[in-house]
Asker: 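One structure follows; several queries about it will come next.
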Amino acid sequence: MNKFSTISAGAALFALAACGGTTVDEAIEDIADEFQISSGLLDDIELPKDEDLADLPSLVSDLVSEFEEFNEDYDVTSTLPTGSADYTGTLGFQVEDQETYLAGDLALVANFDALTFDGTYSNIAGVSEDGDTLTVIGSVPVDTTIRDGSDGVTFDGTLVGDVSLEDETYSFNALIDGAFGGTNGEIAVAEVSGNIGDPDGGSDEIFGLVTLAQD
């Protein structure tokens with residue numbers, strides 16, 4: 001059984017594709033009505049409006065607020081830093097079609113000389129529709145590559161690995177696409193997309209946000 005379907009919250013975190021028969025103008029109108037657009041380090045990220053944040057569990061609403069702040073208040077890191085730096089932060093995501101929300105801790109090390117930004121995703125938890133906390137057992141490796149390009153210092157890579165929930169195995173297979181902010185890469189933000197494979201052989205899409213800050 002897919003246990004993730006028991007974790008629920010009251011509002012969608014990210015916009016889903018428009019339904020068939022909806023025109024582009026209508027889809028844009030729907031998004032404008034339901035979401036606010038955050039642009040900065042990353043452009044055109046759809047976030048819930050302020051009045052909807054109260055309907056989300058705090059582990060997700062706090063992440064959304066911090067993401068908006070980091071994304072819009074910091075300038076992109078334009079010059080590649082040197083040496084290495086430790087980062088900690090949060091990755092939160094929605095499981096599509098289930099109104100399922102989870103979040104956990106990220107601990108990554110940036111080696112700017114080797115252009116690697118790797119670490120682990122752990123302490124993953126969700127909130128059930130009854131208000132109970134559900135804890136996911138295990139950690140997932142995060143492997144990304146730092147890019148020094150014309151659009152600033154960015155990174156992209158993967159979140160791939162298995163975790164356990166109520167003695168059943170779920171498999172993460174997701175992409176991470178982000179950017180560093182601040183003169184020396186003091187913070188980083190990213191968006192996450194991919195899927196989680198369930199014990200029944202199916203999979204569900206996930207959509208998420210990341211915030212990180214140097215220790």
Side-chain angles (χ1 to χ4, degrees), residues 4 13-16 37-47 59-60 62-72 74 76-77 80-81 84-96 100-126 136 138-163 170-182 185-197 203-215:
F4 278 123
L13 183 55
F14 304 108
L16 303 179
I37 302 300
S38 176
S39 290
L41 301 179
L42 302 177
D43 289 331
D44 300 327
I45 305 299
E46 294 155 356
L47 302 177
L59 79 176
V60 173
D62 291 348
L63 171 62
V64 171
S65 298
E66 184 171 69
F67 179 92
E68 183 178 15
E69 176 189 344
F70 282 11
N71 194 45
E72 298 178 11
Y74 283 83
V76 68
T77 303
L80 181 70
S84 62
D86 294 335
Y87 289 77
T88 53
T90 304
L91 189 164
F93 63 91
Q94 174 198 2
V95 180
E96 186 185 13
T100 297
Y101 302 87
L102 296 111
D105 298 331
L106 278 177
L108 305 183
V109 177
N111 185 326
F112 293 107
D113 300 326
L115 300 179
T116 59
F117 193 29
D118 304 330
T120 57
Y121 180 43
S122 61
N123 300 321
I124 307 164
V136 176
S139 60
V140 183
V142 179
D143 298 296
T144 76
T145 298
I146 297 171
R147 314 285 183 184
D148 182 18
S150 59
D151 54 349
V153 183
T154 61
F155 59 95
D156 58 81
T158 61
L159 174 77
V160 177
D162 294 341
V163 294
Y170 293 80
S171 301
F172 280 90
N173 185 6
L175 301 176
I176 299 177
D177 190 2
F180 291 94
E186 289 85 353
I187 61 95
V189 295
E191 54 184 336
V192 177
S193 61
N195 62 71
I196 291 181
S203 66
D204 295 292
E205 287 188 87
I206 61 172
F207 306 92
L209 299 175
V210 168
T211 60
L212 290 155
Q214 286 187 14
D215 294 344

Asker: Can you list the steps and then say if Asn111 with Thr116 is a side chain to side chain donor-acceptor pair (under 3.5 Å)?
Answerer: CA-CA 5 Å; Asn111 185 326; Thr116 59; 4.8 Å; no

Asker: If you look at every heavy atom in Ser139 and Ser122, which pair is closest and at what distance?
Answerer: CB-CB, 3.8 Å

Asker: Who pairs with Glu69 by side-chain contact (heavy atoms from CB on, under 4.5 Å), at least two apart in sequence or on another chain?
Answerer: Asp73

Asker: Kindly indicate whether the side chain of Leu209, heavy atoms from C-beta on, has any atom under 4.5 Å from the side chain of Ile45.
Answerer: yes

Asker: Suppose we screen for salt bridge (Lys or Arg N to Asp or Glu O under 4.0 Å). Which residues come up paired with Asp156, at least two apart in sequence or across chains?
Answerer: Arg147

Asker: Provide the closest heavy-atom pair for Val140 versus Gly161 in the form atom of the first, atom of the second, distance.
Answerer: CG1-N, 3.7 Å

Asker: Side chains of Ser171 and Asp162: any donor to acceptor distance under 3.5 Å?
Answerer: yes

Asker: Of the non-hydrogen atoms in Ala103 and Tyr121, which two are nearest, and what is the gap between them?
Answerer: C-OH, 3.7 Å

Asker: Under the side chain to side chain contact (heavy atoms under 4.5 Å, CB included) criterion, do Leu159 and Leu91 qualify, and how do the steps go?
Answerer: CA-CA 11 Å; Leu159 174 77; Leu91 189 164; 4.1 Å; yes

Asker: Given side chains that start at C-beta, do those of Phe112 and Asp148 come closer than 4.5 Å, heavy atoms only?
Answerer: no

Asker: Just to verify, which of Val160, Ile176, Thr158, Asp118 counts as forming a side chain to side chain contact (heavy atoms under 4.5 Å, CB included) with Val142?
Answerer: Ile176

Asker: Decide yes or no for Asp204 and Tyr170: does some side-chain heavy atom of the first lie under 4.5 Å from some side-chain heavy atom of the second?
Answerer: no

Asker: Is any side-chain heavy atom of Ile206 closer than 4.5 Å to a side-chain heavy atom of Phe172?
Answerer: yes

Asker: Checking Tyr74 now: which residues fulfil side-chain contact (heavy atoms from CB on, under 4.5 Å) with it, not counting sequence neighbours?
Answerer: Leu41, Phe70, Ile187

Asker: Sequence neighbours excluded, which residues qualify as side-chain contact (heavy atoms from CB on, under 4.5 Å) partners of Ser39?
Answerer: Ile37, Asp43, Asp44

Asker: Residues two or more places apart in sequence or in another chain: which of them pass side-chain contact (heavy atoms from CB on, under 4.5 Å) with Asn123?
Answerer: Asp105

Asker: Please collect all side chain to side chain donor-acceptor pair (under 3.5 Å) contacts where either partner lies in residues 205-214, sequence neighbours excluded, each pair once.
Answerer: Glu66-Thr211, Tyr87-Gln214

Asker: Tell me whether the rings of Phe117 and Phe155 are parallel (<30°), tilted (30 to 60°) or perpendicular (>60°).
Answerer: perpendicular

Asker: Write down the atom of Phe67, the atom of Ala190, and the distance for their closest heavy-atom approach.
Answerer: CE1-O, 3.7 Å

Asker: Nearest 0.5 Å, what's the CG-CG distance between Asp113 and Leu80?
Answerer: 7.5 Å

Asker: Starting at CG of Asn195, measure out to CG of Asn173 and round the result to the nearest 0.5 Å.
Answerer: 5.0 Å

Asker: Do Phe93 and Ile196 come within less than 4.5 Å of each other through their side chains, counting heavy atoms only?
Answerer: yes

Asker: Which heavy-atom pair separates Gly152 from Val76 by the least distance, and what is that distance?
Answerer: CA-CG2, 4.1 Å

Asker: Can you name the nearest heavy-atom pair linking Leu47 to Ser38, along with the distance?
Answerer: CD1-CB, 3.6 Å

Asker: Testing Val189, Leu63, Leu106 for side chain to side chain contact (heavy atoms under 4.5 Å, CB included) with Val210, which one passes?
Answerer: Leu106

